[in-house]
Each structure stands twice: as structure tokens, then as C-alpha cells.
Number of protein chains: 2
Amino acid sequence: MLTADDAVDVLKGYLSKNGLKMTGQRELVTQVFFDPEHKEDHPTVEELYIRVRSLDTKVGYATVYRTLKLLTECNLANPTRFGENQTRYEPEQPGEHHDHMVCTECNAIIEFEDQRIEELQELVAEKLGFVLTDHKMVLFGEPLESCASSGCRRPD
Amino acid sequence: MLTADDAVDVLKGYLSKNGLKMTGQRELVTQVFFDPEHKEDHPTVEELYIRVRSLDTKVGYATVYRTLKLLTECNLANPTRFGENQTRYEPEQPGEHHDHMVCTECNAIIEFEDQRIEELQELVAEKLGFVLTDHKMVLFGEPLESCASSGCRRPD
DNA sequence: ATCCATGCAAAGGATTTGCAAAGAT
DNA sequence: ATCTTTGCAAATCCTTTGCATGGAT
């Protein structure tokens with residue numbers, strides 16, 4: 001399991017390798033993004049900005065955007081659209097991959113992994129003449145029981 | 001196979017059922033959207049607007065947006081994001097479903113269908129306590145042969 | 001000392017909306 | 001006649017960028 005500190009280290013490596021600099025803001029954004037308390041969140045830039053702001057009121061919106069772009073470049077963040085008009089980001093665990101199920105009743109985002117689907121995706125890509133480099137899969141569904149009683153958590 | 005005229009009929013039904021009105025613009029947009037010559041396209045609003053404009057210079061941008069929203073409501077259009085900052089729409093065939101493979105070299109969008117994946121998606125949803133109502137799956141991959149020689153068609 | 005990063009505000013691009021005029025039932 | 005739709009422009013939302021200042025190596 002990648003801790004927030006590990007993530008900061010990975011970012012540091014990426015930055016120095018590219019002649020860029022580690023800064024207090026970049027570290028703070030990374031720490032907040034990887035905070036285990038929000039592990040299952042899929043925050044928007046705004047949500048992350050608010051969390052960062054509560055720790056340092058001077059950080060600008062653009063810095064959060066720019067840092068998230070950096071984190072994406074070094075595979076620490078994964079941007080995804082869940083049918084809304086804004087990008088959500090989730091912390092990446094190296095070597096792990098999961099897809100998402102969105103509850104049509106309460107918009108909760110539930111993570112899952114299915115190795116059989118992943119394998120089939122590679123096969124399909126190959127049959128089409130490609131080497132699979134990435135994929136996005138989002139399932140939408142109605143909960144069998146009402147959300148109140150089920151595991152759905154309203155993310156916003 | 002749903003023809004453009006069939007689509008117009010479906011739209012008419014939807015409109016009258018909802019106290020809305022068929023208009024020349026709505027019919028034109030629908031015809032252009034379902035034009036068999038562009039069957040495999042996944043046009044953006046702008047691309048569609050340009051095609052519509054070439055037939056009737058007086059149609060407004062907003063009308064194309066609004067018509068596409070109506071078509072989506074009656075399941076004649078399916079909006080999807082392919083990692084760009086704009087929505088692409090594809091004509092829907094009732095009872096048919098396909099997913100997409102995007103070429104990372106030339107951005108060609110290739111359609112495919114895989115029944116095994118569809119089945120697994122339903123199983124996964126069920127196991128999570130949902131009835132699958134929709135899904136989006138986009139694969140990204142590098143072409144085994146360079147695009148020039150392979151089946152990739154540059155869509156834009 | 002030299003570059004890079006920051007914060008702000010302005011710009012950008014996609015999409016939506018308000019409104020007066022035109023159109024459909 | 002009534003209510004909807006249209007086209008235009010303005011507004012909105014998310015995201016990116018330019019620039020002067022502050023910060024990291």
C-alpha cells in the first residue's frame with residue numbers, strides 16, 4: 001500500500017528527473033490527496049482545493065490543477081469522468097487497477113476489480129490490432145435495495 | 001437497421017408524447033445525424049453543426065445542442081467522452097450496443113462488441129447489489145502496425 | 001544567480017440559458 | 001390563440017494561461 005509519504009517520494013523523483021522543483025504546495029496537495037481518511041474518495045479539483053485550503057489558506061486554485069496534472073503524469077493520479085461535467089481524480093496504487101460502479105440513485109461511486117474482464121479487454125484489443133495501454137470502464141446501475149439500507153455512500 | 005427516417009419517427013413519437021413539437025430543424029439534425037454516409041462517425045456537436053449548416057445556413061448552434069439532448073432522451077443518441085474535452089455523439093441502434101477502442105497514435109475510434117464482457121459486467125453489477133442499466137467502456141491502445149498501414153481511420 | 005513555481009486574474013473552450021421574434025398544433 | 005422553438009448573444013462552468021513576484025537549487 002502506497003502511503004502519502006511514498007507518493008511524495010515518487011513525485012520528488014519525477015520532479016528532479018525532469019528539472020522541476022518540489023515545493024511546499026506540491027507536497028501539501030499530494031499529502032491531502034493521499035490522506036487515508038479520504039482513500040475511497042474520487043475528489044474533484046474543487047473538493048481537493050477545499051481540503052487543501054483548510055490547511056493552508058494561501059494555496060491557489062491553479063496550483064491544485066497544476067499539481068494534479070503532475071501527479072497524473074507520474075501515475076499517482078487517475079482522472080476519470082463519471083458522467084458529470086467535471087473530472088474526478090483518484091489516487092493510484094501502482095500495479096493495482098479498479099473500475100467503477102455508479103449508483104443511479106445516489107451517485108455513489110463504488111470501486112471494483114474483475115480480472116476476467118481485464119483479460120478479455122486485452123484479448124479484444126489484440127484482435128483489433130492493438131496493444132492495450134489503458135482503459136476506462138464505468139458501470140451504471142440501480143441498487144437492488146434502496147440506498148439508505150445498502151452500502152451506497154453519497155460522495156457529495 | 002434503423003434508418004434516418006425511422007429515427008425521425010421515433011423522435012416524433014417522443015415529442016408528441018411530451019407535448020413538444022416537430023420542426024424542420026429537428027428533422028434536419030436527425031437526418032444528418034443518421035445519414036448512412038457518416039454511420040461510423042462519432043461527431044462532436046461542432047462537426048454535426050457544420051454538416052447541418054451546409055444544408056441550411058440558418059440553423060443555430062444552440063438548436064443542434066438542444067436537438068441532440070432530445071435525441072439522447074429518446075435513446076437515439078449516445079453521448080460519450082473519448083478523453084477529449086468535448087462530447088461525441090453516436091447514433092443508437094435499438095438493441096445494439098458496442099464499445100470503443102481508441103488508437104493512441106491517430107485517435108481513430110473503432111467500434112467493437114464483446115458479449116462475454118457484457119455478461120461479466122452484469123454479473124459484477126449484480127454482485128455489488130445493482131441492476132446494470134448502462135455502461136461506458138473505452139479501451140486505449142497502440143496499433144501493432146503503424147496507422148498508415150492498419151485499419152485506423154483518422155476521424156478528424 | 002538562475003530558473004521554476006505561485007497566486008491572481010484574465011482568457012479559453014464547451015455548453016447552457018434568457019429573450020424577443022417566428023413557428024407549430 | 002396558445003404555447004413551443006428558434007437564433008442570437010450573453011452567461012456559465014470547468015480548466016488553462018500570462019505575468020509579476022516569491023521560492024528552490
Side-chain angles (χ1 to χ4, degrees), chain A residues 8-9 11-32 42-50 52-74 77-89 156, chain B residues 8-9 11-30 32-33 42-50 52-74 77-89 156:
Chain A
V8 170
D9 285 342
L11 177 59
K12 272 183 183 151
Y14 176 80
L15 293 172
S16 75
K17 192 186 306 177
N18 289 81
L20 306 176
K21 292 164 181 170
M22 179 49 97
T23 65
Q25 293 93 324
R26 285 174 177 175
E27 173 151 4
L28 178 60
V29 171
T30 306
Q31 288 281 356
V32 167
H42 303 76
T44 60
V45 172
E46 191 186 6
E47 287 165 2
L48 198 53
Y49 171 73
I50 290 169
V52 168
R53 268 289 181 134
S54 70
L55 297 171
D56 180 349
T57 11
K58 298 178 301 303
V59 177
Y61 220 118
T63 298
V64 178
Y65 267 99
R66 292 191 269 229
T67 304
L68 242 7
K69 174 173 270 179
L70 288 170
L71 291 171
T72 302
E73 280 164 26
C74 50
N78 185 245
T80 308
R81 299 248 189 183
F82 295 100
E84 309 157 297
N85 186 32
Q86 72 203 313
T87 304
R88 288 186 174 275
Y89 290 82
D156 37 359
Chain B
V8 170
D9 285 342
L11 177 59
K12 271 183 183 148
Y14 176 80
L15 293 172
S16 74
K17 192 186 307 180
N18 290 82
L20 305 176
K21 292 164 181 168
M22 180 49 98
T23 66
Q25 292 93 323
R26 285 174 179 174
E27 174 151 2
L28 177 60
V29 171
T30 306
V32 168
F33 185 53
H42 301 77
T44 60
V45 172
E46 191 185 6
E47 288 165 2
L48 198 54
Y49 171 72
I50 290 168
V52 167
R53 269 288 181 135
S54 70
L55 298 171
D56 180 349
T57 11
K58 296 178 302 305
V59 177
Y61 219 117
T63 299
V64 178
Y65 267 99
R66 292 190 271 230
T67 304
L68 242 7
K69 175 173 269 181
L70 288 170
L71 291 171
T72 301
E73 281 164 25
C74 49
N78 185 245
T80 308
R81 300 250 189 181
F82 295 100
E84 308 157 297
N85 186 30
Q86 72 203 314
T87 303
R88 289 186 173 275
Y89 290 82
D156 35 0

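Throughout, a chain's letter reflects where its sequence line sits, starting with A, and its residues are numbered from 1.
- Under the side chain to side chain contact (heavy atoms under 4.5 Å, CB included) criterion, A:Arg66 pairs with A:Ala62, sequence neighbours left out.
- The line from CG of A:Asn78 to NE2 of A:His42 is 9.0 Å long, rounded to the nearest 0.5 Å.
- Partners of A:Asp9 under the salt bridge (charged side-chain N to carboxylate O under 4.0 Å, His left out) rule, at least two apart in sequence or in another chain, do not exist in this structure.
- With sequence neighbours left out, the side chain to side chain contact (heavy atoms under 4.5 Å, CB included) criterion links A:Leu15 to A:Leu11, A:Leu20, A:Met22, A:Arg26, A:Leu70.
- Taking atom CG of B:Leu71 as the reference point, atom P of D:dT5 lies 13 Å away to the nearest angstrom.
- A search for ring pair (Phe, Tyr, Trp, His ring centres under 6.0 Å) contacts involving B:Tyr14 returns nothing, not counting sequence neighbours.
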- request: Give the B/S/- string for nucleotides 11-18 of chain D, one per nucleotide from 5' to 3', where a protein heavy atom under 4.0 Å of the base yields B, of only the sugar-phosphate yields S, and otherwise -.
  value: ---SBBBB
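- Summary of helix geometry: the two end axes of the helix from C:dA1-D:dT25 to C:dT25-D:dA1, each defined by five base pairs via their C1' atoms, are inclined to each other by 30° (rounded to 10°).
- Contact annotation: B:Gln25 side-chain N/O to C:dG23 OP1/OP2 distance is not under 4.0 Å.
- Atom CD1 of B:Ile50 is separated from atom P of C:dA14 by 11 Å (rounded to the nearest Å).
- Regarding B:Lys12, its NZ atom lies at a distance of 12 Å from the P atom of C:dA24, rounded to whole Å.
- Rounded to a whole Å, the CG atom of A:Leu11 is 16 Å from the P atom of C:dC4.
- By the side chain to side chain contact (heavy atoms under 4.5 Å, CB included) test, B:Tyr89 pairs with B:Phe33, B:Val45, B:Leu68, B:Thr72, B:Ala77, B:Pro79, B:Thr87, sequence neighbours left out.
- Of all nucleotides listed (D:dT5, C:dC8, D:dG7), C:dC8 comes nearest to the side chain of A:Arg53.
- Between the CG atom of A:Leu70 and the C1' atom of C:dT6 there is a distance of 13 Å, rounded to whole Å.
- Going from atom CZ of B:Phe82 over to atom P of C:dA14 covers 17 Å, rounded to whole Å.
- Every residue two or more places apart in sequence or in another chain was checked for a side chain to side chain donor-acceptor pair (under 3.5 Å) with A:Gln86, and none qualifies.
- The stretch residues 15-23 of chain A comes close to DNA chain D through A:Lys21, A:Met22, each having a heavy atom under 4.0 Å from the strand.
- For the salt bridge (charged side-chain N to carboxylate O under 4.0 Å, His left out) test, residues two or more places apart in sequence or in another chain that qualify with A:Lys58 are A:Asp56.
- Between the NZ atom in A:Lys17 and the NZ atom in A:Lys12 there is a gap of 15.5 Å [rounded to 0.5 Å].
- Remark: A:Thr63 engages A:Gln25, A:Val59, A:Thr67 in a side chain to side chain contact (heavy atoms under 4.5 Å, CB included) (not counting sequence neighbours).
- For B:Tyr49, the side chain to side chain donor-acceptor pair (under 3.5 Å) test picks out B:Arg53, with sequence neighbours left out.
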